[in-house]
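Before any comments, here is the structure.
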Amino acid sequence: MPDTKDLQYSLTGAQTGIWFAQQLDPDNPIYNTAEYIEINGPINIALFEEALRHVIKEAESLHVRFGENMDGPWQMINPSPDVQLHVIDVSSEPDPEKTALDWMKADLAKPVDLGYDPLFNEALFIAGPDRFFWYQRIHHIAIDGFGFSLIAQRVASTYAALVKGQSAKDRSFGSLQAILEEDTDYRASEQYEKDRQFWLDRFADGPEVVSLADRAPRTSNSFLRHTAYLPLSDVNALKEAARYFSGSWHEVVIAVSAVYVHRMTGSEDVVLGLPMMGRIGSASLNVPAMVMNLLPLRLSVSSSMSFSELIQQISREIRSIRRHHKYRHEELRRDLKLIGENHRLFGPQINLMPFDYGLDFAGARGTTHNLSAGPVDDLSINVYDRTNGSGLRIDVDANPEVYSESDIKLHQQRILQLLQMASAGEDMLIGQMELLLPEEKKQVISEWNETAKPENLLSLQDMFEKQAVLTPERIALICDDVQVNYQELNEEANRLAHLLIEKGLGPEQFVALALPRSPEMVASMLAVLKTGAAYLPLDPEFPADRISYMLEDANPSCIITTEEIAARLPDDLSVPQLVLDQAVTQEVVKRYSPDNPNVSVSLAHPAYIIYTSGSTGRPKGVVVTHKSLSNFLLSMQEAFSLGEEDRLLAVTTVSFDISALELYLPLISGAQIVIAQKETIREPQALAQMIEYFDINIMQATPTLWHALVTNEPEKLRGLRVLVGGEALPSGLLQALHELHCPVTNLYGPTETTIWSAAAFLEEGLKGVPSIGKPIWNTQVYVLDNGLQPVPPGVVGELYIAGTGLARGYFRRPDLTAERFVADPYGPPGARMYRTGDQARWRADGSLDYIGRADHQIKIRGFRIELGEIDAVLAKHPDIEQAAVVVREDQPGD
């Protein structure tokens, strides 16, 4: 070998990234790698130290010195340093291994100055006469995992030779200089450019790298680890399954990891980090050094793909990237301008270490225990196969800046479950592979959906009639200067109901209502329900073509309206009209009985039909039954406990189902409704004055309206019970409301599941994004992936809702009903669930976080619309222009 003394070499590509990272954070010990080998049997300490000195002398990478000049960092191969083996007797300690591990971890936490400090440290712990722990800590710039195995095997074989009285053989390791020169030659070769272009083409589209963490990783000076073991019987089953899938057991492990990332994140473009030794066809096969490269393994994974298809894809991809394995991932990151902590090339890392240590210290068996494999940016799944009959050791290492101990334990348990499922050798669709642990599935499907309440429900009209008997003289409704008590409101509704019944109105028929915000509007809604028919609310400000469409589609038996509004209705209407403010109509209505009609109304009959826009852009009628409506109202009655002292301010147009809570909840509770006119609602100061004047103590509105009130008239809201829905509730708004000591309830639910399906009572002092709460009475909510499988808590999926609140479906739209109201695989036979199109995730306490839309709808002040409908919405809702509006795809909301 030529004399290398005083020769300076450039750093290899593998070393360069480590050098600069360590210089940026010199006190960080994260690049220290270490393991200890448990030796069971007698050890001659003097001969062991002699063997260790001999091997370290041969391992040139352990006595390299680093420096930096104008041309950049350099390294120099120095003569072998004086080896200090710490011999520490822990045999008298209560727990010798723990004592030894504490020492090792303290040493592992010491940073290394690459310019001055030794790159390694060695210790031998005496745990008993026939039990020893040999500890090695080596900086990652000098060695990789395969290099550790070379040193350990060489020390074991040299020690065995010395015990037999033989001399240690020299030059068992290759030359470090050969590796350095090989790296320099590669960088100047045509192959280097070919490899570079391969990777640039592979990632030209800049794929989004997904992680199992819910926040961007930050550099840590430590890592968390959870270790588990796959017994030999399971390993044998895994290898047999690999043959069935026409792959290797390594590929099965990678496939399971890819399935896990896909199922946990929903991403179909999965990029894993795959460490490769970098020694293929290289002089480094017999040189302990830092040669390993991290290659991005990019896979297409979908729920409809079979597991065997994924195995075959992995096999092809690995063969492909191996041909270009020498091009460094650090250089590719620079090429792709992925600079900085939050710009990553891959997500979780899969580190398979199948090389066999096979350690035999002159008859004493050595078992290796890894302590640190280097930095963990995100999450690393490390699998060790020592082929000693003990099975596989699986370590999950994680960055403590983004994962907790419980996180990594759960990740490991789920991965092991998937691995055991794959080991069964049964090919199945990826979307059908069980992701959740049994206890998790029970929790998210059953325990957090324990909402059952007795369903001996009364219809809304029955509940209102009972309340009218209890409090006949109590004021039920205030609108402008008009006050109506419960008896008066009930009698007015009854007279109109008798007239409608005489005209043939009854169950399974619709009555359109186009009325101003008035007592007559409320009485008409109640009257229609008393006939057994269902009402279709029409906002008079709707565009004429939209009203025409709804009337044509619903084909109501008649329209109840006023002269002023009738003049603005489309001219071509063929629907009979009942004009309430005409003198003749008023005279006719007065003739009818004020008593409650004797109509048998089934709870299965429709109560109302609400037209809402959706993914098609074509308005569709959602048919809600009496049972769904009553279940909702009773749930809200229990939640808010309204009574005679309460006044609720109604601000929502009746064309939105949210208005049903405002109008009906007070009427079944003995409380009062105060109806605000649209002109008042559009002026925050006027609305706040109304709240103060009428002594309102409860009100529901969208965050947009609440924000306007808080901004303009905060003091008039002090102490008001605030109900929020229709849009995502910003945390800043919640804080502002809490500062006014307003009790806040955040509500969530689509029209198709009857107004609200979940509620969160938000206490003062809460930080972060407000929850949308837990399911209400007789309601089940599921957070599912693309294969309709439940996702674990903390994982984003699509929200599905089942239970009593489900609407019948879309009127005269069986195709769309079948698409959105799908079979509930977790409910009783025949049960359905509604696909909301919203993304959500479970919190640890069983409440829900709203994340955003899963489709491409946008949101303007609580209106769910399509991109092509913006002009129409602005035309019929001019008040939108008074708010700051941001329009973009995937806007949070319904």
Side-chain angles (χ1 to χ4, degrees), residues 460-461 464 467-468 471 474-493 496 513-529 535 537-542 560-562 564-565 580-581 608 610 633 636 640 642 644-702 705-706 708-709 713 716-717 720-723 725-726 755 862 877 879:
L460 162 64
Q461 57 269 29
F464 168 66
Q467 188 61 51
T471 56
R474 173 73 179 166
I475 298 301
L477 186 151
I478 301 172
C479 184
D480 297 327
D481 297 327
V482 178
Q483 295 187 357
V484 182
N485 66 31
Y486 273 83
Q487 181 174 322
E488 292 168 340
L489 181 60
N490 188 43
E491 290 180 350
E492 183 179 351
L496 181 58
L513 303 177
L515 296 165
R517 296 176 63 79
S518 61
E520 291 75 20
M521 177 189 74
V522 179
S524 298
M525 296 167 76
L526 290 169
V528 173
L529 295 174
Y535 64 86
L538 301 175
D539 189 320
E541 294 187 7
F542 276 179
I560 300 176
T561 186
T562 64
E564 191 274 331
I565 293 174
L580 288 183
D581 56 352
Y608 62 78
I610 294 283
L633 291 172
M636 295 298 100
F640 299 114
L642 293 191
E644 294 185 4
E645 71 283 357
D646 292 304
R647 281 186 173 181
L648 186 150
L649 183 60
V651 298
T652 307
T653 173
V654 291
S655 64
F656 285 178
D657 64 339
I658 303 172
S659 63
L661 179 141
E662 297 176 336
L663 301 178
Y664 300 145
L665 182 58
L667 293 182
I668 67 170
S669 307
Q672 294 180 7
I673 314 163
V674 179
I675 297 179
Q677 298 299 341
K678 287 191 175 182
E679 295 75 13
T680 302
I681 299 168
R682 292 166 180 167
E683 293 293 337
Q685 291 86 354
L687 188 59
Q689 288 171 7
M690 189 173 184
I691 292 171
E692 182 180 49
Y693 178 79
F694 285 101
D695 196 21
I696 301 298
N697 64 357
I698 184 168
M699 174 179 149
Q700 78 164 356
T702 64
L705 184 52
W706 284 120
L709 289 168
E713 296 283 350
K716 290 184 171 59
L717 305 183
L720 180 67
R721 296 171 70 183
V722 169
L723 280 57
I755 309 171
H877 295 289
D879 54 310

List in chain and number order the residues that pass side chain to side chain donor-acceptor pair (under 3.5 Å) with E491, two or more places apart in sequence or in another chain; answer none if no residue qualifies. Q487
In chain order, what residues pass the side chain to side chain donor-acceptor pair (under 3.5 Å) check against E564, with sequence neighbours excluded? R568
Just by distance, do the side chain of T471 and the backbone of Q467 share a donor-acceptor pair under 3.5 Å? yes
Table please: side-chain donor-acceptor pairs of residues 686-697 below 3.5 Å, with sequence neighbours left out.
from	atom 1	to	atom 2	distance (Å)
N697	OD1	R647	N	3.0
N697	ND2	D646	OD1	2.8

Would you compute the distance between atom CG of L665 and atom CG of L642 and round it to the nearest 0.5 angstrom? 4.5 Å
Going by the rule side chain to side chain contact (heavy atoms under 4.5 Å, CB included), which residues pair with D480 if we only count those two or more places apart in sequence or in a different chain? Q677
Nearest heavy-atom approach of L460 to L633 is CD1-CD1, 3.8 Å
Under 4.5 Å between any side-chain heavy atoms of L663 and V654, yes or no? yes
For the atom pair CG (L667) and CD (Q461), what is the distance rounded to the nearest 0.5 Å? 12.5 Å
Give the minimum heavy-atom separation between C479 and S518, together with the two atoms involved. SG-CA, 3.8 Å
To the nearest 0.5 angstrom, please state how far the CG atom of L515 sits from the OG1 atom of T561. 5.5 Å
Any sub-3.5 Å donor-acceptor pair from E520's side-chain atoms to T562's backbone N or O? no
L648 CG to I675 CD1 distance, which is reported to the nearest 0.5 Å: 10.5 Å
Using the test side chain to side chain contact (heavy atoms under 4.5 Å, CB included), find all partners of A701 that sit at least two apart in sequence or belong to another chain. V651, M699, L705, W706
Only counting residues at least two apart or in another chain, list the ones meeting side chain to side chain donor-acceptor pair (under 3.5 Å) with T652. E662
S655 side, atom OG; I610 side, atom CD1 - distance, nearest 0.5 Å: 7.0 Å
Go through F464 and Y664 one step at a time and tell me if the side chain to side chain contact (heavy atoms under 4.5 Å, CB included) criterion holds. CA-CA 8 Å; F464 168 66; Y664 300 145; over 6 Å; no
Using the rule given for side chain to side chain contact (heavy atoms under 4.5 Å, CB included), can you reason through V522 versus V484, listing the C-alpha separation, both sets of side-chain angles and the distance that settles it, and then say yes or no? CA-CA 11 Å; V522 179; V484 182; over 6 Å; no
With sequence neighbours left out, the residues meeting ring pair (Phe, Tyr, Trp, His ring centres under 6.0 Å) with Y535 are Y608
Going by the rule side chain to side chain donor-acceptor pair (under 3.5 Å), which residues pair with E713 if we only count those two or more places apart in sequence or in a different chain? K716
Show the numbers, then the answer: is there a side chain to side chain contact (heavy atoms under 4.5 Å, CB included) between L580 and L496? CA-CA 10 Å; L580 288 183; L496 181 58; 4.3 Å; yes
Just verifying a value: how many Å separate L489 CG and I673 CD1, rounded to the nearest 0.5 Å? 7.5 Å
Walk me through whether T680 and R517 qualify under side chain to side chain contact (heavy atoms under 4.5 Å, CB included). CA-CA 12 Å; T680 302; R517 296 176 63 79; over 6 Å; no
List the atom of I681, the atom of A676, and the distance in Å for their closest heavy-atom pair. CD1-O, 3.7 Å
